[in-house]
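To find a chain, count down the sequence lines: A is the first, B the second, and so on, and within it residues start at 1. The shown structure was predicted, so the numbers you read here are calculated from the model rather than taken from an experiment.
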Protein chains: 4
Amino acid sequence: MALTGVEVAKHNNAKDCWVIVHGRAYDVTEFLPEHPGGQKIILKYAGKDATEEFEPIHPPDTLEKYLDKSKHLGAVDLTTVVQEKAAEASPEEKERQLRIADMPMLEQCYNLLDFEAVARRVMKKTAWAYYSSAADDEITLRENHAAYHRIWFRPRILVDVEKVDFSTTMLGTNVDMPFYVTATALGKLGHIEGEVVLTRAAAKHNVIQMIPTLASCSFDEIVDAASGDQVQWLQLYVNKDRAITEKIVRHAEARGCKGLFITVDAPQLGRREKDMRSKFTDPGSNIQSGQTTDTSQGAARAISSFIDPGLSWSDIPWFKSITKMPIVLKGVQRVEDVVKAIEAGVQGVVLSNHGGRQLDFARSAIEVLAETMPVLRELGLEGRIEIFVDGGVRRATDIIKALCLGATGVGIGRPFLYAMSAYGFDGVDRAMQLLRDEMEMNMRLIGATTVADLNPAMVDVRSLYNHGATPRDNLSYEVYDPLVNPPQRQIAGGTTAKAKAKL
Amino acid sequence: MALTGVEVAKHNNAKDCWVIVHGRAYDVTEFLPEHPGGQKIILKYAGKDATEEFEPIHPPDTLEKYLDKSKHLGAVDLTTVVQEKAAEASPEEKERQLRIADMPMLEQCYNLLDFEAVARRVMKKTAWAYYSSAADDEITLRENHAAYHRIWFRPRILVDVEKVDFSTTMLGTNVDMPFYVTATALGKLGHIEGEVVLTRAAAKHNVIQMIPTLASCSFDEIVDAASGDQVQWLQLYVNKDRAITEKIVRHAEARGCKGLFITVDAPQLGRREKDMRSKFTDPGSNIQSGQTTDTSQGAARAISSFIDPGLSWSDIPWFKSITKMPIVLKGVQRVEDVVKAIEAGVQGVVLSNHGGRQLDFARSAIEVLAETMPVLRELGLEGRIEIFVDGGVRRATDIIKALCLGATGVGIGRPFLYAMSAYGFDGVDRAMQLLRDEMEMNMRLIGATTVADLNPAMVDVRSLYNHGATPRDNLSYEVYDPLVNPPQRQIAGGTTAKAKAKL
Amino acid sequence: MALTGVEVAKHNNAKDCWVIVHGRAYDVTEFLPEHPGGQKIILKYAGKDATEEFEPIHPPDTLEKYLDKSKHLGAVDLTTVVQEKAAEASPEEKERQLRIADMPMLEQCYNLLDFEAVARRVMKKTAWAYYSSAADDEITLRENHAAYHRIWFRPRILVDVEKVDFSTTMLGTNVDMPFYVTATALGKLGHIEGEVVLTRAAAKHNVIQMIPTLASCSFDEIVDAASGDQVQWLQLYVNKDRAITEKIVRHAEARGCKGLFITVDAPQLGRREKDMRSKFTDPGSNIQSGQTTDTSQGAARAISSFIDPGLSWSDIPWFKSITKMPIVLKGVQRVEDVVKAIEAGVQGVVLSNHGGRQLDFARSAIEVLAETMPVLRELGLEGRIEIFVDGGVRRATDIIKALCLGATGVGIGRPFLYAMSAYGFDGVDRAMQLLRDEMEMNMRLIGATTVADLNPAMVDVRSLYNHGATPRDNLSYEVYDPLVNPPQRQIAGGTTAKAKAKL
Amino acid sequence: MALTGVEVAKHNNAKDCWVIVHGRAYDVTEFLPEHPGGQKIILKYAGKDATEEFEPIHPPDTLEKYLDKSKHLGAVDLTTVVQEKAAEASPEEKERQLRIADMPMLEQCYNLLDFEAVARRVMKKTAWAYYSSAADDEITLRENHAAYHRIWFRPRILVDVEKVDFSTTMLGTNVDMPFYVTATALGKLGHIEGEVVLTRAAAKHNVIQMIPTLASCSFDEIVDAASGDQVQWLQLYVNKDRAITEKIVRHAEARGCKGLFITVDAPQLGRREKDMRSKFTDPGSNIQSGQTTDTSQGAARAISSFIDPGLSWSDIPWFKSITKMPIVLKGVQRVEDVVKAIEAGVQGVVLSNHGGRQLDFARSAIEVLAETMPVLRELGLEGRIEIFVDGGVRRATDIIKALCLGATGVGIGRPFLYAMSAYGFDGVDRAMQLLRDEMEMNMRLIGATTVADLNPAMVDVRSLYNHGATPRDNLSYEVYDPLVNPPQRQIAGGTTAKAKAKL
């Protein structure tokens with residue numbers, strides 16, 4: 001017999017805490033101190049239905065998997081659960097709803113950055129903050145794209161470019177375009193369906209999707225959403241408990257994944273201040289003296305406490321022993337480690353700084369690529385490994401630059417999340433179509449008919465290492481109180497405030 | 001007997017579509033799917049008079065030339081055609097009319113950029129967007145001028161500069177100033193008379209005009225507008241149908257053109273997002289569900305579908321076989337291809353990136369020039385070919401820099417279009433006069449009395465290759481949501497909104 | 001018997017001037033011309049109680065120490081002193097009070113720059129100006145932090161970073177974090193308790209505090225505030241009277257100080273225009289003709305006239321003779337002088353430009369460090385001296401960059417002052433905790449488990465010497481009157497002011 | 001007998017034109033076409049009193065010197081001259097008067113740029129435009145100061161700097177500070193007394209004044225204003241008529257001038273668009289059709305038509321033959337011409353680009369100096385010539401940088417004009433005092449006690465040649481119409497205009 005809301009509601013405190021999720025009750029009392037997101041957020045729902053808050057942050061099988069069966073209390077008769085009277089929408093939320101009503105038509109998005117502009121307007125502030133935030137001053141976040149702006153083309157002319165073909169091969173898979181959908185966490189923050197939307201778009205355009213460890217959908221949901229022989233890869237955060245890791249890897253291989261991308265740039269997930277600030281709730285002036293406040297660390301910390309900071313080169317042989325999938329190290333950041341990866345016998349590396357979300361002032365992948373390839377050529381190691389780059393790719397010209405410099409392919413993450421958040425499947429579909437249009441145009445304009453035609457002589461990278469044009473240090477810029485010229489006096493009173501400011 | 005408006009009006013749909021242009025009716029039903037600009041724009045005028053829309057985009061002989069004679073339905077009695085009641089001017093258009101009434105006097109324009117400022121105010125938004133737009137993020141568009149700012153002068157003093165002479169010779173023609181009017185499309189978007197305005201100004205100042213393939217005026221109209229022994233060149237987009245190309249080339253030579261400039265940087269015409277956005281029409285909230293929308297690709301796509309992307313070096317001998325005009329390749333972008341052009345036996349190249357309208361991150365012509373000349377000198381090829389540059393030239397100092405670095409002359413396009421759009425012939429005349437004044441002044445100040453005096457030791461190009469000062473990436477800049485300092489709270493309520501923003 | 005206010009009030013002019021400080025009267029008539037801050041400020045309080053003005057600028061023992069005993073007039077019965085009716089708060093002050101009421105919660109400060117933003121809002125304008133101001137155009141002030149932005153990381157991956165330890169040793173003292181609280185003057189301008197707040201925070205986090213010569217608290221108060229075996233250093237401005245200097249040094253050593261930091265970059269204290277402008281008081285329109293005005297030189301000049309500009313290398317042996325404390329030269333600015341310091345046998349140098357407060361266009365300490373270490377290595381002098389840097393450190397990444405380049409530790413000054421000014425002890429405590437969190441995170445992300453792991457191959461300094469990105473020259477930028485395009489005319493009158501500005 | 005106003009008023013047109021200046025009438029009918037400033041401005045005063053307009057542009061002896069005696073009509077009885085009823089002040093002028101009433105006290109000016117800020121507020125628009133304007137896009141104008149910002153200090157520490165002495169010797173004259181007041185035209189535009197104000201300030205501070213050819217005061221007035229053995233130099237624009245030039249030179253030598261500075265960078269005076277735009281008068285909407293407009297070329301052209309563009313190296317021996325004064329070439333811009341100057345046997349050169357008023361993109365003097373000195377050292381020519389620099393000097397640090405790099409002294413022009421325009425003699429006096437204070441401070445801080453101590457090892461010029469940080473190209477920047485993100489639609493109507501702009 002189902003539990004009633006009245007019964008559940010009695011267990012509404014830290015000493016005795018039940019919550020309802022998807023129509024079932026759970027006793028989370030003992031779990032409270034272990035909750036990666038902190039106990040405060042759970043206690044807010046003690047004795048109540050927490051589904052709405054729970055949903056985008058956790059795959060549906062989370063409780064089944066991680067909470068001891070003894071704490072599963074069974075079904076709840078939801079008709080007996082008092083629905084919280086929907087709080088009236090805040091002024092901020094009302095404005096957002098108006099912005100949604102006014103949002104541009106999909107056809108008005110002409111490039112990948114346009115989706116970001118629309119997503120920023122229509123997403124919930126906290127969701128936007130989670131997706132868009134990055135480490136410290138977000139210098140690397142912006143450098144990732146800016147670095148492409150320091151590479152210029154040397155196009156060939158009078159090449160017959162009637163037919164251009166930009167299909168290529170990644171880890172043995174033929175793809176229509178030289179990019180893949182890289183792994184990004186918590187897809188349901190942007191769209192109610194989550195990562196499966198990306199699965200469908202990748203299928204339509206015949207590009208590969210990398211499935212994130214921290215997806216909102218469960219791994220199996222995402223694999224199930226694939227169509228036909230659609231190829232997927234697995235992104236892996238390595239768990240301190242290697243048994244769990246092994247289970248995940250074997251399951252992925254069994255379900256047909258064609259590549260294992262081990263994240264190596266995140267022994268601890270980043271502090272992202274924009275995310276933290278967006279989570280902060282001002283208690284207002286009614287603070288009880290002595291009351292402690294919980295400093296939210298943002299979503300990143302909440303979901304990542306299981307990651308093993310002890311992961312090291314010595315773990316690689318073990319990975320090779322448990323899977324036949326090609327192994328790729330995701331997050332390599334200097335040529336020395338690319339050489340080590342070759343020596344370790346892995347099939348690929350992703351030069352990446354995690355979208356600027358981990359170490360600020362990590363260099364852009366494209367700069368590391370330009371450092372790497374000449375060294376590999378000199379060591380006779382070129383072609384011994386597939387090299388991917390991600391971070392900052394927004395234009396087909398960015399992709400072409402990476403390919404000219406020797407990349408096998410590029411990963412694109414946030415732009416597809418933004419397209420999905422703003423327009424769902426149609427947005428991602430259009431984003432990929434726009435890239436296709438740009439690729440065709442720009443392959444022609446650079447004078448290349450196939451990916452193999454692209455080579456280092458087609459780009460000028462002499463300014464790439466020049467970090468003079470570092471993205472602005474916003475916090476530091478804003479707190480600086482600039483010197484001013486002598487102010488006007490207030491005697492005649494004829495100088496208006498504005499004139500005074502200017503004169 | 002003339003057709004009546006009533007008769008024409010019956011053929012008002014996609015299955016049976018007539019339109020009136022310049023007082024004659026045409027059956028365009030079968031042509032609809034082939035229209036480079038898409039069928040939607042024609043259907044808007046199905047059964048009606050389309051002259052006003054047709055005019056600036058098509059030379060007057062277009063329909064006679066390209067539509068089968070069987071579809072020419074003959075004259076229409078225009079008195080029987082219902083004139084659409086002129087829609088009341090939109091608020092935007094009213095503001096534009098006020099801006100036209102207030103526009104500065106011609107004498108207030110002191111340099112070429114001033115004309116651009118005025119044109120931006122007084123042109124129709126879509127016309128402005130067509131002229132001013134460029135590829136992707138318009139980085140190359142702006143780099144073209146910015147690159148000149150990285151070249152500094154090393155002037156000679158105590159040279160007798162009482163008499164300065166900046167006349168020179170291009171492809172055998174003596175000209176009064178070392179620039180020419182380069183080819184730009186659709187002149188009637190800016191001025192009702194179109195390209196012939198430029199013809200007259202070029203005649204007055206004894207400089208050469210390059211006639212564009214995509215002019216609003218017909219080729220013959222432009223040649224007819226030339227006076228005396230005025231010299232013109234032909235810019236050529238090569239048609240997939242070489243017979244058409246041959247006809248155009250032979251006709252131009254027969255009519256006296258003195259140079260054939262084959263465009264080699266545009267196998268496909270560029271995507272220009274500013275242009276596309278300006279064309280977008282919001283259907284408003286009354287959209288029928290399921291109704292498809294036509295994504296306008298802007299004017300560039302509309303007019304260019306005939307261009308042959310298969311054009312290659314192997315076509316050059318054929319061109320040499322059909323004309324005695326000097327052949328110049330327009331759009332060369334690296335020194336390797338300049339050397340190839342010499343080997344191919346053409347008379348000149350234009351280092352150009354098509355005004356930034358094709359491949360974004362193509363380097364500026366002036367940078368390619370600085371790369372090219374030392375190589376030619378080293379290979380003993382200097383003087384074997386005439387080298388022109390275009391893109392970004394706004395000041396006589398820009399021209400002098402190009403000449404110092406070895407250019408035969410420079411092409412100027414948009415500035416004259418803007419001068420024409422704002423002030424017609426008088427504008428272009430003044431623009432050329434301003435350049436003449438600047439040339440005289442600056443030749444004196446650099447210590448050169450003739451073009452031959454200008455040499456590489458007069459410029460410092462050490463910073464030219466430094467792309468740190470890349471033009472701002474506007475879209476990327478705008479979508480970035482900057483980190484902020486902690487906000488004030490709302491307790492005392494005394495912090496005004498503005499103060500809050502600042503503090 | 002105590003003096004009465006009435007009696008004191010009689011001595012209210014330059015010829016006969018008494019003031020009350022902390023309940024005691026002093027005859028300062030003869031001292032007037034010698035007052036470092038000028039006599040005007042004293043005369044304002046002639047015959048009155050000057051305690052409030054006196055307090056933050058002078059250590060409590062100042063009058064006892066520096067004014068001849070004969071001028072100590074004894075206690076005053078404060079009940080007999082007319083309290084100035086508190087002037088109504090100025091509009092500016094009222095706004096400040098509202099800003100204080102609205103200030104963010106401490107938990108909303110996520111990094112060191114956030115404290116600066118809050119301090120700027122809540123500090124008195126003159127106090128803010130004293131702390132934040134720097135020399136001339138404040139270029140070096142900003143360069144100090146900006147320089148760190150030209151250094152990029154080359155992180156190692158797959159290093160076991162489960163345990164990271166960033167403790168280190170400075171001049172023989174073990175500290176928990178590789179920074180120290182450097183000396184900054186006049187702590188009571190920011191917080192009523194002054195420097196002892198910093199003492200307590202340093203104790204809690206086990207880092208060293210450097211005690212400033214120009215503290216608001218007396219030296220002994222600061223030493224007394226230390227807990228247990230807390231280590232402190234002494235910063236020393238060398239007095240023209242070496243006997244005073246010797247007394248100070250011997251006293252510091254006796255009280256347990258473990259390092260003597262001799263300031264060598266301040267033979268004269270800087271002109272700081274922001275500070276000077278904040279002090280300026282407009283006499284309004286009632287100026288008597290002929291009345292002279294006193295040009296305040298700001299707080300810096302007021303407190304520094306005793307410093308000896310004659311200090312030179314030949315004084316070093318004398319210092320070595322009077323103390324066993326390790327001697328460190330604070331303010332070294334080029335490698336030649338680091339070598340000299342080694343030859344002179346001191347134990348350390350601080351590469352520093354005095355927080356940008358002395359010589360504008362002095363290079364950042366981090367740039368001098370990058371210049372210094374390769375030379376020391378080449379000369380075989382590496383390890384012969386401890387090298388500290390200060391100036392511009394705001395992030396743990398800054399600290400790590402300095403350690404990679406060879407620094408023993410970094411000094412942090414203003415950020416702790418700002419944290420103290422905004423939130424008192426809790427602010428400084430949180431600031432240090434934030435640095436600890438950032439250190440842990442970033443040590444992991446760069447792949448280092450101890451300070452010894454950090455090395456020059458982990459950073460890319462190729463852009464460090466590139467001063468293209470010099471901080472904006474505000475005064476020069478503001479006075480420049482930019483060229484404009486031709487303005488609209490006023491005929492139709494339809495162009496609004498704003499449109500005119502933009503079009 | 002004196003003429004009457006009535007009589008003069010009859011001669012009020014281009015065929016018969018009299019004007020009154022300083023109480024005397026002149027017949028200028030025949031002179032009209034030769035007036036360097038155009039006839040239009042004279043005709044405005046035909047038959048009237050032109051003194052007010054005439055005054056600041058012409059030295060008082062102009063008419064006596066240049067107008068044939070036969071055209072001197074004698075005294076006018078001014079009581080008979082109808083005074084134009086003073087036009088009511090324009091709104092612009094009223095605002096300016098209010099700004100003057102509110103202007104800061106002199107004591108609030110803390111540096112040379114502050115005077116420029118004040119002058120901009122209180123000067124007449126046309127006067128400001130004449131002083132502040134420069135060539136073309138005013139890039140060189142701003143580069144002149146910006147270049148100093150690319151030079152950084154390498155200060156020495158622990159040098160006894162108790163006594164610092166920055167006196168030096170220029171062309172044999174001992175001066176108290178290493179700068180001189182360089183020649184600038186039309187001093188009365190800024191202050192009613194004109195250049196003699198500068199004479200007095202130079203005397204007070206014992207620095208040299210260079211007397212301009214185009215002064216508002218006559219040469220003799222300026223020499224007469226000198227006190228005691230005050231040293232002055234003569235700046236010379238060479239007249240096409242060498243007899244006039246010889247007369248001027250011999251007269252200057254006779255009157256005691258100690259140096260002859262021949263301007264070599266101005267064969268023709270520059271086009272300055274800010275100046276031209278300020279002069280433009282909108283005829284409004286009442287323009288008669290066909291009426292021609294006079295395009296003012298600004299003050300520069302008006303006063304310079306006599307300058308000889310034929311001046312060349314071959315003229316130098318002649319100058320040496322007519323004077324014993326040391327000869328200095330003012331406006332040298334590359335090392336090759338410095339070497340030539342040494343060969344020509346002159347005593348000095350001024351590296352200068354005429355304050356950015358002549359050739360835009362001429363390099364800064366400080367950059368040319370850094371190029372020059374190493375070459376001279378290599379050629380063994382160091383010390384063979386005195387090298388001055390001018391342009392962009394605003395801080396003592398700028399002066400010190402120039403001296404470190406080998407300059408004998410620096411010229412300062414506009415800053416003193418601005419100080420004079422804002423505050424008269426007191427302004428210039430304070431400006432010089434501020435430089436003295438800054439010199440003393442910064443000599444100490446760099447560790448130099450005399451000018452001889454300054455050397456190239458004290459500066460880091462590695463970034464000087466890096467022109468990435470070119471001053472903004474304002475016109476080009478303003479006319480660029482930036483790409484935007486897709487706009488919000490107008491359906492819900494809830495997005496405010498401002499939000500739309502931002503989102």
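Of all non-hydrogen atoms in B/T140 and A/W152, the two that sit nearest each other are OG1-CZ3, 3.9 Å. For the residue pair B/G310 and A/D160, the shortest heavy atom distance occurs at CA-OD1, 3.1 Å. The minimum heavy-atom distance between B/D360 and A/T397, with the atom names listed, is O-CG2, 4.1 Å. The two residues A/Y148 and B/F361 come nearest to each other via the heavy atoms O-CE2, 4.3 Å. Of all heavy-atom pairs spanning B/R271 and A/Y110, the tightest one is NH2-O, 2.8 Å.
Residue A/A396 does not touch chain B at all, counting heavy-atom pairs closer than 4.5 Å. Contact annotation for A/K163: neither backbone nor side-chain heavy atoms come within less than 4.5 Å of a heavy atom of chain B. The contact between A/R444 and chain B is made by backbone and side chain atoms together, counting heavy-atom distances below 4.5 Å. Of the atoms belonging to A/L434, it is side-chain heavy atoms, and not backbone ones, that fall under 4.5 Å from chain B. Using a 4.5 Å cut-off between heavy atoms, B/I262 does not touch chain A at all. Neither the backbone nor the side chain of B/D315 comes within less than 4.5 Å of any heavy atom of chain A. There is no contact between B/V368 and chain A, counting heavy-atom distances below 4.5 Å. Heavy atoms closer than 4.5 Å to chain B are found in both the backbone and the side chain of A/V161.
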Problem - Verdict with reasoning, B/D265 to A/R156, per salt bridge (Lys or Arg N to Asp or Glu O under 4.0 Å) - result: CA-CA 9 Å; B/D265 60 5; A/R156 297 190 303 170; over 6 Å; no
Practice task
Check step by step if salt bridge (Lys or Arg N to Asp or Glu O under 4.0 Å) holds for A/R395 and B/D137.
Solution key: CA-CA 9 Å; A/R395 290 278 187 188; B/D137 294 297; 3.0 Å; yes
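Note on A/L445, A/L464, A/I157: by heavy-atom pairs under 4.5 Å with chain B, the leading option is A/I157. Chain B forms more heavy-atom pairs under 4.5 Å with one residue of A/V164, A/T449, A/N442, A/L141 than with any other, namely A/N442.
A salt bridge links B/E336 with A/R154: the distance from a Lys NZ or Arg NE/NH1/NH2 to an Asp or Glu carboxylate oxygen falls below 4.0 Å. Checked for salt-bridge contact, A/D460 and B/R363 meet the test: a charged N lies under 4.0 Å from a carboxylate O.
Each of A/M441, A/M443, A/E162 was evaluated against B/Q268; a single residue qualifies, A/M441, per the side-chain contact (heavy atoms from CB on, under 4.5 Å) test.
Interatomic distance, B/R277 CZ to A/C109 SG, rounded to the nearest 0.5 Å: 7.5 Å.
Inspection of the B/N466 and A/N466 side chains reveals an N or O donor paired with an N or O acceptor under 3.5 Å.
Contact check for A/L158 versus B/I316: side-chain heavy atoms found under the 4.5 Å cut-off.
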